[in-house]
*Asks:* 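A single structure is presented below for examination.
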Amino acid sequence: QVQPVESGGGLVQAGGSLRLSCIASGSLFRIKSMSWHRQAPGKQRELVAVITGGDSASYVDSVKGRFTISKDNAKNTVFLQMNSLKPEDTGVYYCRDNAYNTWGQGTQVTVSS
């Protein structure tokens with residue numbers, strides 16, 4: 001199974017926005033659950049958002065109302081739209097294919113104050 005591939009990280013000022021993308025493999029993408037996780041320096045990796053095959057989404061409390069997870073089934077891609085970013089959102093963001101338990105290589109997000 002090929003691992004997912006993330007893109008879209010970068011450096012942004014507090015209050016700004018970024019959109020992360022993750023391309024996953026497999027012909028059954030439309031029914032997959034996909035999730036985004038992040039790991040801040042010195043902290044454990046945490047779940048940020050998950051979207052089911054039925055497009056039901058859920059979020060960790062700290063990002064509710066600011067982040068949106070979505071899928072484009074035609075492109076085998078899951079997105080994480082991040083608005084009103086805060087310095088505490090800084091970290092490496094990872095995409096996970098929950099059907100195959102595979103992880104992307106991560107993309108760095110840095111929010112300056």
*Asks:* As an exercise, state the distance from CZ of F67 to CG of N83, rounded to the nearest 0.5 Å.
*Replies:* 8.5 Å

*Asks:* Say you draw a straight line from CD of Q3 to OH of Y100; how long is it, rounded to the nearest 0.5 Å?
*Replies:* 15.0 Å

*Asks:* Does the cation-pi check pass for K71 over F79, that is, NZ or CZ under 6.0 Å from the six-membered ring centre and within 45° of its axis?
*Replies:* no

*Asks:* Can you tell me how far the CG atom of L80 sits from the OG atom of S70, to the nearest 0.5 Å?
*Replies:* 8.5 Å

*Asks:* With a 4.0 Å cut-off on N to O distance, would you call D89 and K86 a salt bridge?
*Replies:* no

*Asks:* With no hydrogens and no angle check, just 3.5 Å: does a side-chain donor-acceptor pair link E88 and T90?
*Replies:* no

*Asks:* Using 30° and 60° as the class limits, which term best fits the ring planes of W103 and Y94: parallel, tilted or perpendicular?
*Replies:* perpendicular

*Asks:* How far apart are the closest heavy atoms of A14 and S113, and which atoms are they?
*Replies:* CB-CA, 4.4 Å

*Asks:* Could you walk me through whether W36 and V78 satisfy the side-chain contact (heavy atoms from CB on, under 4.5 Å) test, starting with their C-alpha distance in whole Å, then the side-chain angles of each, then the deciding distance to 0.1 Å, before giving a yes or no?
*Replies:* CA-CA 9 Å; W36 285 98; V78 59; 3.9 Å; yes

*Asks:* I need the minimum non-hydrogen distance between C95 and M34, along with the two atoms involved.
*Replies:* SG-CE, 3.6 Å

*Asks:* Minimum heavy-atom separation for S33 to V50, with atom names?
*Replies:* OG-CG2, 3.6 Å

*Asks:* If we only count heavy atoms from C-beta on, is the M82 to V109 side-chain gap below 4.5 Å?
*Replies:* yes

*Asks:* Taking atom CD of Q39 and atom CD of Q108, what is their separation to the nearest 0.5 Å?
*Replies:* 10.5 Å

*Asks:* Would you tell me whether N101 and R96 have side-chain atoms, one donor and one acceptor, within less than 3.5 Å of each other?
*Replies:* yes

*Asks:* Could you tell me whether a side-chain N or O of T107 sits under 3.5 Å from a main-chain N or O of G9, the two making a donor and an acceptor?
*Replies:* yes

*Asks:* Is V63 reachable from V12 through a run of I, L, V, M, F, W or Y residues, each pair having side-chain heavy atoms under 4.5 Å apart?
*Replies:* yes

*Asks:* If you group Ile, Leu, Val, Met, Phe, Trp and Tyr by side-chain heavy-atom gaps below 4.5 Å, do Y59 and I51 land in one group?
*Replies:* yes

*Asks:* Go through the steps to decide whether L47 and S35 satisfy the test side-chain contact (heavy atoms from CB on, under 4.5 Å), and finish with yes or no.
*Replies:* CA-CA 7 Å; L47 174 65; S35 55; 3.8 Å; yes

*Asks:* Using every non-hydrogen atom in the two residues, find where A99 and K32 come nearest and quote the distance to one decimal.
*Replies:* CB-CG, 3.9 Å

*Asks:* Out of curiosity, I23 CD1 to S7 OG, how far, rounded to the nearest 0.5 Å?
*Replies:* 6.5 Å

*Asks:* Kindly say whether T102 contributes a backbone atom to a donor-acceptor pair with the side chain of D97 at under 3.5 angstrom?
*Replies:* no

*Asks:* Between E6 and S21, is any pair of side-chain heavy atoms under 4.5 Å apart?
*Replies:* no

*Asks:* Taking salt bridge (Lys or Arg N to Asp or Glu O under 4.0 Å) as the cut-off, I'd like each qualifying pair that reaches into residues 46-56, sequence neighbours left out, listed once.
*Replies:* R38-E46

*Asks:* Verify side chain to side chain donor-acceptor pair (under 3.5 Å) between T77 and D72, making sure each step is shown before the conclusion.
*Replies:* CA-CA 5 Å; T77 302; D72 183 336; over 6 Å; no

*Asks:* How long is the straight-line distance from OG of S84 back to CZ of R66, given to the nearest 0.5 Å?
*Replies:* 7.0 Å

*Asks:* State, with a plain yes or no, whether a side-chain heavy atom of L85 is found less than 4.5 Å away from one of L18.
*Replies:* yes

